[in-house]
Novice: 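Structure incoming, see below.
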There are 2 protein chains.
Amino acid sequence: MKFTIQRDLFVQSIQDVMKAVSTRTTIPILTGIKLIASEEGITLTGSDSDISIESFIPVEEDGKVLVEVQETGGVVLQAKFFSEIVKKLPGTDIEMEITQGFQTVIRSGSAEFNLNGLDPREYPHLPQIAEEHVFKMPADLLRALIRQTVFAVSTSETRPILTGVNWQISDSQLTCVATDSHRLAMRTAPIEESLSEEYNVVIPGKSLTELSKIVDDTTDPVDIVITENQILFKTKHILFFSRLLEGNYPDTSRLIPSESKTTMSIKTKEFLQAIDRASLLAREGRNNVVKLATEVNNSVEVSSDSPEIGKVVEHIQTSNMEGEELRISFSAKYMMDALKAVEGTEITIQFTGAMRPFILRPLDDESILQLILPVRTY
Amino acid sequence: MKFTIQRDLFVQSIQDVMKAVSTRTTIPILTGIKLIASEEGITLTGSDSDISIESFIPVEEDGKVLVEVQETGGVVLQAKFFSEIVKKLPGTDIEMEITQGFQTVIRSGSAEFNLNGLDPREYPHLPQIAEEHVFKMPADLLRALIRQTVFAVSTSETRPILTGVNWQISDSQLTCVATDSHRLAMRTAPIEESLSEEYNVVIPGKSLTELSKIVDDTTDPVDIVITENQILFKTKHILFFSRLLEGNYPDTSRLIPSESKTTMSIKTKEFLQAIDRASLLAREGRNNVVKLATEVNNSVEVSSDSPEIGKVVEHIQTSNMEGEELRISFSAKYMMDALKAVEGTEITIQFTGAMRPFILRPLDDESILQLILPVRTY
C-alpha cells in the first residue's frame, strides 16, 4: 500500500469513521481503523460491532485528483493515535506507505511517523446487505426525524427495547416513535417510493445520534435499506450500518389521547424560557417539577418553589385557550426537551385533566407530536 | 433595599465576583454574594476567604443612568442560584427589592423570583488595606506577567510555597518567578513609581489565574497594593484581594545557568508543533518525554517512540546553531508550556549539556526566561 492524499479530506473521512470506533470493545482490532487502498480510491472503516461506518475517498472527483494510489493494499491502524496524528500533520498532503509487515510510514512536511499496523484481513467483515428494498429520504429530513425523537429514548437497560426508536413504514408513511414510558416523541414523514413490504424495526438511539452527526444538513438523498437485523444508511461516500434491536416495540398508539379538555396555543420560545427559569429552582426541589395553572384573561401561570432557596412565578399570555380550568405539574426537563424538538414559533397543548398525559404539537402541523405524563403534586 | 439595574451590567458584575465564590467552603455564608445598595451605587462581593472580589456599579457613569436606587440596604443571596437566575431573566432591566426579613424579590419582564436571603452584617469583612505603597501597571502587562509564569507553579502541596508565584520588587523592577522544581518561568517588568521599600511576596497561583480572567486586555492602569499578608489589585470598578503565602521562597537565581555550551535559534511555532506531534506518541511511552539531537546543516532532530504504537522523527531547521553537539531528552509538556509562554516568532535555546537545565528566551528579549530540567534517557 502506498498513496498520497489531501490532508483535509483525509481528516474529515477519519473523523466520520471514528464515530463508530469505541475504546471499550472486547475485540481489540476494533480499536483500529481499517484502510484499504484500491485503484478506485481509499476506503476507511470503523466499527464497534453495533455501528459500522465506511467512508470512501475516490481517486478523482469532479475532475480533481484527490488521491494518488501508487500501490494497492491495506492496514489497520490504532484509531486514537492515527486520527490525532493526521490532524496535527504539517503538510497539505499526506503520504502513507506500508514498509514491511504492517509497519506504516506516514509522511507530511518535515514529519515522519512510523506506526505499528495490523493485518486488515483480521478485521471483521461488514454486514452484507442485499439492496432490494431501498427508499430515499433527504438528509435534512432524516436529521430532523432523529432530532425530534431520539432524545425521548430510555437510558435505562431495564427494558432494552425502549433504548431504541421505533420506525414503522406502511402506506408510504414512516412513523418514528421513542418513549421512556414517562414521555413520548412521535414524528411522521411521507415516503416517496411505494414499498411493497411493511416494516416495523427498532434502531438503537445511540446509532441514530451518531448518524445525525455524519449526515450533512442538505437536501441530498440518503438511501435507506432495512433487513431483518440491520439498517443501512448510504450517502454519497459513506455507508452507515447499525444493528437493529431485537424484540417487539410496545403499541404506543393507545397512549395518545384522542380528546382534549383544555387546549391552549402559546409562543414556543417564550414558554420554553419561562420553564427554563422555573426549572432553576425546581432542580433543587423534588425531581425538577414545575407547575402550570390556567388563569383568567387567557394567561397561564408557570411556577416552582424550593423551600430552601425560594420560589418563582411567571405569567404567560396564550394566544388561545379553551376548555376547563387546569392545574398540572410536570417535569421541566421533559417539557424543555419537547419544546426544543417541536418546530415552529407557536405550539398547541392539549390537556385531558391533571393526571392524564398531555400532548404538544406545532400549530397546524400533524407530523410532530410530543406527549408528557404529568406528575402528581397538586 | 430596592433598586432597578441594567441586566447586562449586573450579569457581568455578578460573573466577576462569582470567580471568588467557592462551593466548597467551611463558612456557609461565603456560598453567597453580598449585595449592598447605597446612594452611590451597587456593591457586590464574593469571597472564598483566600480571594475576595468586590465589584461596584455606580448610579451614573458618563452621563448615563445605570442604576436607580429607591431604597438603600443589603442582602446576601445564594451565589449559584442568583447568578443563574439573573442570566436567564427576560427583561433588559431588573428590579430587586427586599420585602420582609431578607426575602428578596427579583422582577424582570414577566418573571418574578422570591429568594431567601441572609443578613449582610453576617458576611465577613474584607481586609482593610492602607493604600500607602501603591504602584501601577497596565492591565495587559499584568495579564502577560501572569500568563507567562503562573503555569509553572507546583500543583502539589508538598512544598506549599511553590504553589505561588514569587514577586520581587527592587530598584524599580518587578521580577516574577514560578517553579515546580522541574521547570521555572521568570518574567521581569519595569515599575514606573520609585517605591521606597523592597518587596518579596508569594501570591497563590490560583489567585493570579482568577485575576487574569477579570482584568481586561487593555492598557488601563491597575493599582497594586502589597501589605504583609495581602495583595490588592484595583481596576476602575473592581477590587481583587488575595492573601499571600507564608514562608520564604527559595532563591532560584543560582539555578539559571550563566554560560552555554550549545546555542540555537529556532522558529517558535514550527518547534512547538513538532514537539506537539512527537508528544502524541510520547504520552503513551515513559512520562511524555521527547528527544532532541543536533544534526549537521544547522538542523535538529525531534523524535519520540512508544514500543507499542510506533515512532516519530522530525527534522527542523534552526536559523543559527553554535557550540557542541547535543543529545537531550525533556518533557514535551514542559517544553510546550514554555514555548506557548514565550512571546515572539523566534526563540533562542541555550544548553549547557545533556544533564543540565537549559533556558529558552525570545530572540533579543531579556525580560522572559523559561528554564527546563532535562530527563535522563540517552
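Numbers restart at 1 for each chain; the letters A, B, ... are given by sequence-line order, proteins then strands.
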Novice: Given that the side chain runs from C-beta out, which part of A:Gln317 has a heavy atom under 4.5 Å from chain B: side chain, backbone, both or neither?
Specialist: neither

Novice: What part of A:Ala274 gets within 4.5 angstrom of chain B, counting heavy atoms only: side chain, backbone, both, or neither?
Specialist: neither

Novice: Where does A:Glu84 contact chain B at under 4.5 Å (heavy atoms): side chain, backbone, both or neither?
Specialist: both

Novice: Distance from A:Ser110 atom OG to B:Glu301 atom CD, nearest 0.5 Å?
Specialist: 11.5 Å

Novice: What pair of heavy atoms forms the shortest contact from B:Leu281 to A:Leu115, and how long is it?
Specialist: CD2-CD2, 4.3 Å

Novice: Between B:Glu112 and chain A, which part of the residue has a heavy atom less than 4.5 Å away: side chain, backbone, both or neither?
Specialist: both

Novice: Give me the atom names and distance for the closest heavy-atom approach of B:Leu280 to A:Phe81.
Specialist: O-CE2, 3.5 Å

Novice: Does atom NZ of A:Lys19 have more than 12 heavy-atom neighbours from other groups under 6.0 Å away?
Specialist: yes

Novice: Is it the side chain or the backbone of B:Glu270 that comes within 4.5 Å of chain A heavy atoms, both, or neither?
Specialist: neither

Novice: Can you find a heavy atom in the side chain of A:Arg277 that is under 4.5 Å from one in the side chain of B:Pro90?
Specialist: yes

Novice: For atom CD of A:Glu295, decide whether the heavy atoms of other residues, nucleotides or ligands shown that lie under 6.0 angstrom number more than 12.
Specialist: yes

Novice: Hey, could you give me the NZ/CG distance between B:Lys88 and A:Asp276, rounded to the nearest 0.5 Å?
Specialist: 3.5 Å

Novice: Between B:Asn114 and A:Lys311, is there a donor-acceptor pair closer than 3.5 Å when you use the side chain of the first and the backbone of the second?
Specialist: no

Novice: Under a 4.5 Å heavy-atom cut-off, does chain B meet the side chain of A:Lys80, its backbone, both or neither?
Specialist: side chain

Novice: Counting only heavy atoms from other residues, nucleotides and ligands, does the tally under 6.0 Å from CD of B:Gln70 exceed 12?
Specialist: yes

